[in-house]
Amino acid sequence: MINITFPDGVIRQYENGVTALEIAKSISEGLARKVLAAKVNEQVWDAARPITEDASLKLLTWDDNDGKSTFWHSSAHLMAEAVENMFPGVKFWVGPPVENGFYYDMDLGDRKINEEELEYLEKKMSELAKQNNSYIRKEISKPDAIQYFTEKGDEYKLDLLQGLEDGKITFYTQGNFTDLCRGPHIPNTGLIKALKLTNIAGAYWKGDERNKMLTRIYGISFPNQKELDEYLHMLEEAKKRDHRKLGKELGIFTMDDDVGPGLPLWLPNGTIIIEELEKLAKETEEAAGYKRVVTPHIAKESLYLTSGHLPYYKDDMYPPMELEGVRYYLKAMNCPHHHKIFAAEPKSYKDLPLRLAEYGTCYRYEQSGVLFGLMRVRCLHMNDAHIYCSKEQFFEEFKAVNDMYLKYFAIFGIEKYVMRLSLHDSAKLGQKYVDEPQLWKETEDLVREVLIKTNTPFIEVPDEAAFYGPKIDVQIWSTIGREFTLATNQVDFAQSRRFKLAFTNKDNQPEIPLIIHRAPLGTHERFIGFLLEHYAGKFPVWLSPVQVKILPLSDKFVAYANDVKNKLRQAGIRTEIDERNEKIGKKIREAELSRVPYMLVLGEKEMNEEKLSVRRQGKGDLGQQSIEEFTNIIVEQISERKG
RNA sequence: GCCGUUGUAGCUCAGUGGCAGAGCACUUCCUUGGUAAGGAAGAGGUCGUGAGUUCAAUUCUCAUCAACGGCUCCA
């Protein structure tokens with residue numbers, strides 16, 4: 001007999017060799033039907049695998065992330081079975097679970113899969129699932145495994161085997177499909193009740209662009225149809241929030257073939273948002289002691305040779321234009337220009353910290369395949385600044401930057417983000433990273449301390465730092481689930497040396513400043529793209545391109561509407577009138593759809609009493625207010641950036 | 001950049017080897033109304049671009065550009 005310890009601490013005895021599934025059955029049949037896998041001694045196992053020693057046990061169901069992953073991993077095997085059935089001779093690479101579902105990478109030779117065949121595959125998978133086949137685990141020796149895949153002519157699995165140790169190799173078989181796999185898997189295919197193959201894509205073998213491109217099929221599966229329906233519904237809803245769709249509907253930006261890919265045209269409504277963001281940034285930065293500068297859009301090649309961006313960054317820059325025998329580049333970043341401003345006059349410790357801010361446009365020749373609405377563009381307005389400071393000042397400066405991030409996030413109500421602390425690898429000092437072990441340690445410790453002190457959730461990523469110092473990237477997700485760096489805060493030890501930047505310290509000695517590169521609002525493009533999705537187009541009043549829409553009941557009240565409009569405009573409120581000869585219901589509907597925060601319905605009653613009937617977007621009729629009352633409320637909401 | 005899909009009216013989308021279609025938006029007229037779509041008429045397209053096949057191409061073929069879904073890469 002062996003002792004099994006349950007999550008609640010209860011210990012029960014079972015026959016040696018009992019499986020998690022049998023244990024579940026001993027508790028209840030209903031539970032047994034839901035068990036997908038088990039956590040045995042903190043390792044995820046097949047629920048059908050015999051337990052042969054004392055162990056802790058947690059039964060995993062759909063409600064556990066590990067349960068879901070196992071379910072999707074098994075679904076990938078089911079898909080592979082269907083694919084092999086349809087395309088004999090197909091070779092498989094890997095088929096892991098991902099955040100939403102699973103995929104399998106495969107080499108189909110010259111074959112291609114089209115949409116129809118995808119549907120057929122889906123049906124085939126459902127059929128195979130209904131066969132209720134068990135996923136059978138088998139330990140196999142490395143030579144036997146090699147023989148199996150050599151006979152099959154599958155060089156991909158043979159490649160995979162090379163990296164595996166003999167004695168730790170397992171095969172899994174369900175139905176007619178056998179795969180090299182570490183597992184674990186769900187008990188049987190019958191648990192997969194609902195599935196959808198979502199898309200076909202290319203994917204480089206081993207994720208290396210020099211390698212062959214394999215075919216990747218993505219899918220998702222569920223233990224019941226209802227969950228699949230809900231998931232598909234959620235996807236539909238997410239598509240409605242897509243900034244590309246909202247950006248068009250709300251007149252924020254547009255793209256034009258003649259202008260070029262990745263070069264958005266900001267429409268009047270979008271420009272208002274840019275200006276409001278800049279106003280916020282200017283206020284915030286002025287209060288924080290920043291100075292604003294303006295620099296040209298181009299510079300000579302020599303500037304980027306000095307900075308070190310060429311040749312490392314060359315592929316990401318527009319090709320140079322040559323004038324009078326000199327090559328000029330469109331700027332992809334502001335830092336070199338700012339360093340030249342620092343260097344323009346001798347600096348003393350009394351000038352520090354020097355904080356130079358600029359919202360100029362930069363141009364990056366992003367690969368055509370990565371362009372994505374406003375989130376990834378080739379013309380970007382950075383909310384950029386560089387802080388030059390002494391070693392002693394660095395800690396305060398970095399913390400101040402972090403506080404600024406958090407202040408912004410509070411204003412916008414941004415809660416779902418992860419700060420990624422990118423650290424160096426000490427083994428690569430002097431190669432990938434500047435050889436300043438002490439500075440690395442000090443600044444990394446500080447950055448971590450700042451994050452902990454401000455209760456900011458963050459993850460640490462080793463060997464991801466910039467060559468010049470550690471950095472914090474703020475990761476967010478677009479509504480369709482793509483991850484982006486929204487903002488970045490970087491420490492730089494290196495560029496001051498390259499530009500020979502120095503200041504005279506208290507001891508009358510030259511000293512090299514530290515630099516902080518920071519962009520708390522990232523770029524206007526990505527930030528506004530993000531905000532569109534974050535607010536689902538329903539911007540707070542201060543950001544709304546149109547803050548108040550006046551809806552006269554008929555043309556008899558247009559004159560009164562104009563009076564009201566003039567008064568609101570005098571108070572700085574962006575106001576428009578819908579003078580069209582339409583019924584009030586239609587005007588309201590369209591104003592609601594255009595996400596104007598406030599609508600004023602004006603008719604006989606309002607005109608006679610000098611009042612307004614106020615309607616809030618998404619909330620409905622708020623009743624009557626005087627012009628003064630209403631103006632005061634809106635002005636306050638705008639000035640406090642709330643509401 | 002690579003793999004795959006798509007490109008028809010301002011928007012969302014039908015459709016066909018033989019004169020180009022709908023709904024919404026737009027213009028005009030009627031309607032002057034009370035909190036999410038009043039009615040009628042009209043205008044609007046070299047079917048992404050360029051070649052080829054054909055008596056005839058928006059439709060078939062090739063090339064090219066762009067967008068979309070991924071991969072690689074990044075704010």
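Just so it is clear: chains get the letters A, B, ... in the order the sequence lines come, proteins before strands, and each one is counted from 1. The analysis underlying the following values was restricted to heavy atoms, covering all of them including side chains, and did not include hydrogens, waters or symmetry mates.
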Item to check | cation_pi(R378(A), Y365(A)) dist<6.0 Å, angle<=45 | outcome: yes

Checklist outcome for this item: The reported gap from NE2 in H381(A) to SG in C379(A) (rounded to nearest 0.5 angstrom) is 5.5 Å

Checklist entry - Reckon Y103(A) touches a base, only the sugar-phosphate, or nothing at all at heavy-atom distances under 4.0 Å? => result nothing

Checklist entry - Checking all strands, does R376(A) fall into the base, sugar-phosphate, or nothing category for heavy-atom contacts under 4.0 angstrom? => result base

Item to check | Paired nucleotide for rG42(B) [Watson-Crick or G-U wobble; both distances under 3.5 Å] | outcome: rC26(B)

Checklist entry - Under 4.0 Å between a Lys/Arg side-chain N and an Asp/Glu carboxylate O for K331(A) and E358(A)? => result yes

Next on the checklist: Applying a 4.0 Å non-hydrogen cut-off, can you work out what R616(A) is touching in the nucleic acid: base, sugar-phosphate, or nothing?
Outcome noted: nothing

Checklist entry - Now, which nucleotide makes the Watson-Crick or G-U wobble pair with rG69(B), with each of the two distances under 3.5 Å? => result rC3(B)

Checklist outcome for this item: Re rU59(B): Watson-Crick or G-U wobble partner, both distances kept under 3.5 Å, found to be none

Next on the checklist: Using the C1' atom as the point on both nucleotides, what is the distance between rA14(B) and rC71(B), in whole Å?
Outcome noted: 34 Å

Checklist entry - Which letters describe nucleotides 34-41 of chain B, given B = protein heavy atom under 4.0 Å from base, S = only from sugar-phosphate, - = neither? => result BBBBB---

Checklist entry - What is the base-pairing partner of rA36(B), counting Watson-Crick and G-U wobble geometry with both distances under 3.5 Å? => result none

Next on the checklist: Students often get this wrong, so: under 4.0 angstrom with heavy atoms, is L486(A) touching a base, only sugar-phosphate, or nothing?
Outcome noted: sugar-phosphate

Item to check | E533(A) side chain to H243(A) backbone, donor-acceptor under 3.5 Å | outcome: yes

Next on the checklist: Looking at E366(A) and R376(A), is there a salt bridge between them, counting it only when a charged N and a carboxylate O are closer than 4.0 Å?
Outcome noted: yes

Checklist entry - Is there a Watson-Crick or G-U wobble partner for rU53(B) with both distances under 3.5 Å, and which nucleotide is it? => result none

Checklist entry - Rounded to the Å, how far apart are D257(A) CG and rG10(B) P? => result 14 Å

Next on the checklist: Students often get this wrong, so: under 4.0 angstrom with heavy atoms, is E249(A) touching a base, only sugar-phosphate, or nothing?
Outcome noted: nothing

Checklist entry - For residues Y104(A) and H77(A), is any side-chain donor paired with an opposing acceptor at under 3.5 Å? => result no

Checklist entry - Between R292(A) and Y359(A), is NZ or CZ placed under 6.0 angstrom from the six-membered ring centre and within 45° of the ring axis? => result yes

